[in-house]
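Here is the structure we will look at.
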Amino acid sequence: MARTITYIDAINEALHQEMERDSRVCILGEDLGMGGGVFKATAGLYQKFGEERVLDSPLAEGIIIAAAIGASLVGYRPVPEIQFADFIGDAVDPILQQAAKLRYRSAGGYSCPITIRVCWGGGTGGGLYHSQENTTWFAHEPGIRVLAPSTAYDAKGMLIAAIRDENPVLFFEHKKLYRTAKSEVPEEPYTVSLDEAAVRRPGRDMTVLTYGYMASVVMEAAEEMAKRGVDAEVVDLRTLAPLDKKTIVESVRKTNRCLIVHEDTKTLGIGAELSAILNEEAFDDLDAPIMRVTGPDVPPVPFSPPLEKFFMVDKEKVLAGMEKLAAY
Amino acid sequence: MATKVNRATAVGDAPASRHSPELLLGLYRMMVKCRMCDEKARILFKQGKYAGNFYSNVGQEGGEVGAAFSLREDDWVAPSHRDWTSCIVKGAPLKACFAQLYGKTDSPDRGKSTPAHMGYPELHIITPASTIAAQLMIGTGVAWGLKRQAKDSVVVSFCGDGATSIGWFHEALNFAGVHRLPMLYVVQNNLWAESVPLRLQTALTDLSDRAKGHGITGVSVDGNDILAVYDAATKAIARARAGQGPTVLECKTYRWYGHSEIDPAKYRMPEEVAEWKKKDPIPRFEKYLADRKLLSDQIKKQVRDEITREIDEAVEFAEKSPYPAPEEALEHIWA
Ligand SMILES: Cc1ncc(C[n+]2csc(CCOP(=O)(O)OP(=O)(O)O)c2C)c(N)n1
Ligand SMILES: [Mg+2]
């Protein structure tokens, strides 16, 4: 039975259901037990599963991830949480040097099936240290999946798939979507592929590649452009690593134009990689240069409302980008 | 592996030992084995037989053997760069250990990791990264898992004096303290972290005092006295098995050679090195054993001859073991 629920409720439901299904699943992080999480993503878990499986950790991001890694070596499937992406710095070594490389450096002798939930993204007045995106720090590293779902349906299905996956996973949850994104979500557990992008809106005239909160912004812009006579195909990447090159390249071969939209700052954002892939694999199919609409190269995200508005990509900025590409 | 018999030993009118002859000779044999394997590893590197680098543990065998000798097969070891010999103590076959140096397919990681960063999954030895102190954090996570499974297995991690300065050391100790985890943190204080002397590393005299800040037990021992290490370690391990929590065990010792085989260590005073070589843990233990009439020149020779044969076989095996195919670089990234 499906009903309409929010992105955060979808995440909460996925955690409840996976913890019920598999006693090896446990969660740890700051304030997520007795407090139910600063956004209430983990509400009710502590009450249902107890401190044994829902652990309020010390305020130390490094050991949150490392304890999860260690526990995964003795059979657990931990789901540690980084409260805000902005504070992931102390956990970068555990994530990149340990989790992502354990399988490689032991030639498959050790496996590290952990799912790291990370709350990210701007547009909520969070300022410089509660708004950041750092998905590409990790997407650069082979050996760890980087996911960024944009809908409640995907949030539940991808989180369940991630917990069941043998690879380490970074699961980026956009805080602006928590209560604004709603979709029809089945009550029963289900999985969504961790290897495929989703074509959210088929179209003929251009491809727009995006993910996360931007996916909803781009969808609105695409509907507006349809009224103006431009039929855009919207591809929601969903997984930033590994990238679903097939869907991306096929879409651009069909539409012959590509706009990349991300909230992240421009330089070396995922758009740079997408553009390089298309250059390598779809150059002959392009009728226009690949264009980008992204956050500006300033520390994300300055606080004062006009500054935040300047930083964030919104519908108007996307429309301007689409118009420019269509007119080329 | 080690016998855990602790009955008193007295032969004729020789002084008694609180340990059995089997245990004492086992410890002795393992110390000599580690020393000989390590010296062999150094020679092979100097001869250009393998690439990369090697971080010698010579001089530190008291800590390495004393701390890990009593471990059971289901216990875990979290080694660092200077702990290749801890794999030998845990029971890894010498053939695998030397294949590790050579980066061959018969190494446990098929040549993925550098010579000294050896793990051995079947024996629960965690393949280390180079990041100092990372092994302490992951080992602590393993201990957390073991405790939750209500197992009485323990985790023994190794690190140096330098590693006690980095934040991760403290995150690990703090977490282990909160959850009273079955962890033994062995700190091999060899007075140097690469070229940085201890006085620039910390204001502490005893690194075991680091434990106090985390509400856990800390013990400092003479790392060149293998029995002092063994006794402190077995006590800490017994406490850990009984759910009484983690221990930091500082072994005061000395790194005989350079930080690695490419470091001439010109920054140290020759007198300091000479002074410490006089405190070599092996002759010291030989004297202890000889005083108790447990060791003769003949046994010494026999021990060395046996180990030499084992090493020769292992080196020959490693040299014959094939290198990985270049494309193996693409394997073991994803499940
Ligand atoms: C986080 C980190 N910083 C720096 C290094 C480079 N490095 C490798 S070993 C070492 C010194 C380690 O000293 P200590 O902890 O005392 O161990 P020892 O080498 O003496 O056994 C340094 C600086 C590293 N591997 N990891
Ligand atoms: Mg040192």
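The model shown is predicted, which means the values in this text are computed figures rather than measured ones. Note on naming: letters A, B, ... go to the chains in the order of the sequence lines (proteins, then strands), and numbering restarts at 1 for each one.
Rounded to the nearest 0.5 Å, atoms CH2 (B/Trp144) and CE (B/Met183) are 14.5 Å apart.
Using a 3.5 Å distance cut-off with no hydrogens or angles, the side chains of A/Asp236 and A/Ser150 do pair a donor with an acceptor. For the 3.5 Å distance criterion, the side chains of B/Ser107 and B/Asp109 qualify, holding a donor opposite an acceptor.
For B/Pro128, the part lying near chain A is the backbone, with the side chain staying farther off; criterion is any non-hydrogen pair under 4.5 Å. With a threshold of 4.5 angstrom between heavy atoms, B/Glu122 does not approach chain A through any atom at all. Only the side chain of A/Leu28 comes within contact range of chain B, with heavy atoms under 4.5 Å apart. Only the side chain of B/His179 has a heavy atom closer than 4.5 Å to any heavy atom of chain A. With a 4.5 Å cut-off on non-hydrogen atoms, A/Ser111 does not touch chain B at all. Residue A/Pro168 does not touch chain B at all, counting heavy-atom pairs closer than 4.5 Å. Interface remark: B/Ala176 contributes no atoms to any contact with chain A (heavy atom separation under 4.5 Å). Using a 4.5 Å cut-off between heavy atoms, B/Trp168 contacts chain A through its side chain alone, with no backbone atom that close.
Counting heavy-atom pairs closer than 4.5 Å to chain A, the top residue among B/Ala129, B/Gly111, B/Ser113, B/Pro108 is B/Ala129. By number of non-hydrogen pairs under 4.5 angstrom with chain B, the leading residue of A/Cys26, A/Pro78, A/Ala68 is A/Cys26. By number of non-hydrogen pairs under 4.5 angstrom with chain B, the leading residue of A/Glu52, A/Gln97, A/Glu61 is A/Glu52. With chain A as partner, the option from B/Gly145, B/Pro121, B/Ala172 having the largest number of non-hydrogen pairs under 4.5 angstrom is B/Pro121. Counting heavy-atom pairs closer than 4.5 Å to chain B, the top-ranked of the candidates A/Pro58, A/Ala60, A/Gly143, A/Ala100 is A/Gly143. Ranked by heavy-atom pairs shorter than 4.5 Å toward chain B, the options A/Arg105, A/Lys101, A/Gln98, A/Arg145 are led by A/Arg105. By number of non-hydrogen pairs under 4.5 angstrom with chain B, the leading residue of A/Ile65, A/Leu102, A/Ile64, A/Asp90 is A/Asp90.
B/Arg148 forms a cation-pi arrangement with A/Tyr76, by the criterion of a distance under 6.0 Å to the ring centre and an angle within 45° of the ring axis.
Remark: aromatic rings of B/Trp84 and B/Phe54 are close, center separation under 6.0 Å. Outside the 6.0 Å centre-distance limit, the rings of A/Tyr110 and B/His124 are not counted as a close aromatic pair. Between B/His332 and A/Tyr104, the ring centre distance reaches or exceeds 6.0 Å.
Not a single donor-acceptor pair under 3.5 Å links the side chain of B/Ser321 to the backbone N or O of B/Phe317.
Of all the heavy atoms in B/His214 and B/Arg210, the pair that sits closest is CD2-O, 3.3 Å. When every heavy atom of B/Phe158 is checked against every heavy atom of B/Gln135, the shortest pair comes out as O-NE2, 2.8 Å.
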